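Input: a single structure, listed below in structure tokens.
Heavy atoms only: backbone and side chains are in, while hydrogens, waters and symmetry mates are out. Every value quoted in this text rests on a predicted model; they were computed, and no experiment measured them. Start at 1 with the first residue, then count along the sequence.
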Amino acid sequence: MDWAGITLSGLCLAHCLLLPPLLAILPLLTLSPLPDWLHETEWFHAALLVPVFLVSGPTLLRGAHRDRRIGWWAIIAFALLVYALFMPSEAGEQALTVLGASVLVMAHWRNRKLQRYS
């Protein structure tokens, strides 16, 4: 499950880092305009949080029983990801999402290392 959590966090990072530049250059590459729903990515961010919570939550909760830091990293990561939904600026939202996804990857990585050595 840690690998699934790392993969989902990687999707968050890819979404935040790759989608905006792609959307910026895509109209130059095509003759038709982009649909309006593609400009608003809030729905994608909120929808991606559901599997992130469902996969990462239980996995990291088990790891938190062995190492409290995993639990704290998970709480901080989830708080950053949820708070990012309410950021008024796009840049702030992206920064918090990238930070939250990175912290979540660190928590999963630590959890994975603990499982390997136990």
Side-chain angles (χ1 to χ4, degrees):
M1 290 303 277
D2 285 311
W3 288 116
I6 290 170
T7 301
L8 287 170
S9 298
L11 284 174
C12 285
L13 290 171
H15 167 71
C16 284
L17 298 176
L18 300 177
L19 191 60
L22 178 66
L23 289 176
I25 64 168
L26 198 57
L28 299 174
L29 301 175
T30 65
L31 297 176
S32 63
L34 292 173
D36 289 337
W37 64 268
L38 195 54
H39 292 283
E40 294 297 324
T41 59
E42 293 295 321
W43 64 269
F44 186 79
H45 184 179
L48 193 56
L49 282 179
V50 173
V52 166
F53 276 99
L54 292 175
V55 170
S56 296
T59 302
L60 294 176
L61 183 62
R62 283 191 305 269
H65 290 295
R66 287 187 226 145
D67 186 347
R68 280 189 193 209
R69 290 176 291 184
I70 292 172
W72 283 109
W73 287 342
I75 290 169
I76 291 168
F78 290 150
L80 288 168
L81 292 171
V82 170
Y83 186 65
L85 286 173
F86 303 103
M87 287 296 292
S89 72
E90 187 71 25
E93 178 187 351
Q94 288 177 348
L96 283 181
T97 302
V98 167
L99 183 59
S102 299
V103 172
L104 201 55
V105 167
M106 287 179 8
H108 278 291
W109 197 261
R110 176 72 179 155
N111 194 37
R112 184 88 176 129
K113 285 176 68 173
L114 280 176
Q115 287 179 357
R116 196 176 324 153
Y117 296 120
S118 60

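- Every residue two or more places apart in sequence or in another chain was checked for a ring-ring contact (aromatic ring centres under 6.0 Å, His included) with Tyr83, and none qualifies.
- Interatomic distance, Ile70 CD1 to Thr59 OG1, rounded to the nearest 0.5 Å: 11.0 Å.
- One hydrophobic cluster holds both Leu104 and Val55 under the rule that ILVMFWY side chains link at heavy-atom gaps under 4.5 Å.
- Counting all heavy atoms, side chain and backbone alike, Ala107 lies closest to Ala74 at CB-N, 4.3 Å.
- By the criterion of side-chain heavy atoms lying less than 4.5 angstrom apart, applied directly or through intervening Ile, Leu, Val, Met, Phe, Trp or Tyr residues, Phe86 is grouped together with Leu81 in one hydrophobic cluster.
- Looking at Ser56 and His108, their side chains do bring a donor and an acceptor atom within 3.5 Å of each other.
- The residue from Trp73, Phe53, Trp72 that alone fulfils the ring-ring contact (aromatic ring centres under 6.0 Å, His included) condition with Phe78 is Phe53.
- Across Ala47 and Pro51, no two heavy atoms sit closer than the pair O-CD, 3.1 Å.
- Summarising the geometry of Gly100 relative to Ala77, their closest heavy-atom pair is O-CB, 3.4 Å, with the distance given to 0.1 Å.
- For Leu85, the side chain to side chain contact (heavy atoms under 4.5 Å, CB included) test picks out Glu42, His45, Ala46, Leu49, with sequence neighbours left out.
- Both Leu48 and Leu60 are assigned to one and the same hydrophobic cluster, defined by single-linkage of ILVMFWY side chains at heavy-atom distances under 4.5 Å.
- Here the closest heavy-atom approach between residue Asn111 and residue Gly63 is recorded as OD1-CA, 3.0 Å.
- If you take CG on Leu114 and CZ on Arg69, they are separated by 8.0 Å, rounding to the nearest 0.5 Å.
- Nearest approach of Met87 to Glu93, heavy atoms of both residues: CB-N, 3.8 Å.
- Partners of Ser102 under the side chain to side chain contact (heavy atoms under 4.5 Å, CB included) rule, at least two apart in sequence or in another chain, are Leu13, Val98.
- Linking ILVMFWY residues whenever their side-chain heavy atoms come closer than 4.5 Å, directly or via other members, places Ile76 and Leu99 in the same cluster.
- Residues Leu54 and Leu61 do not share a hydrophobic cluster, defined by chaining ILVMFWY side chains whose heavy atoms lie under 4.5 Å apart.
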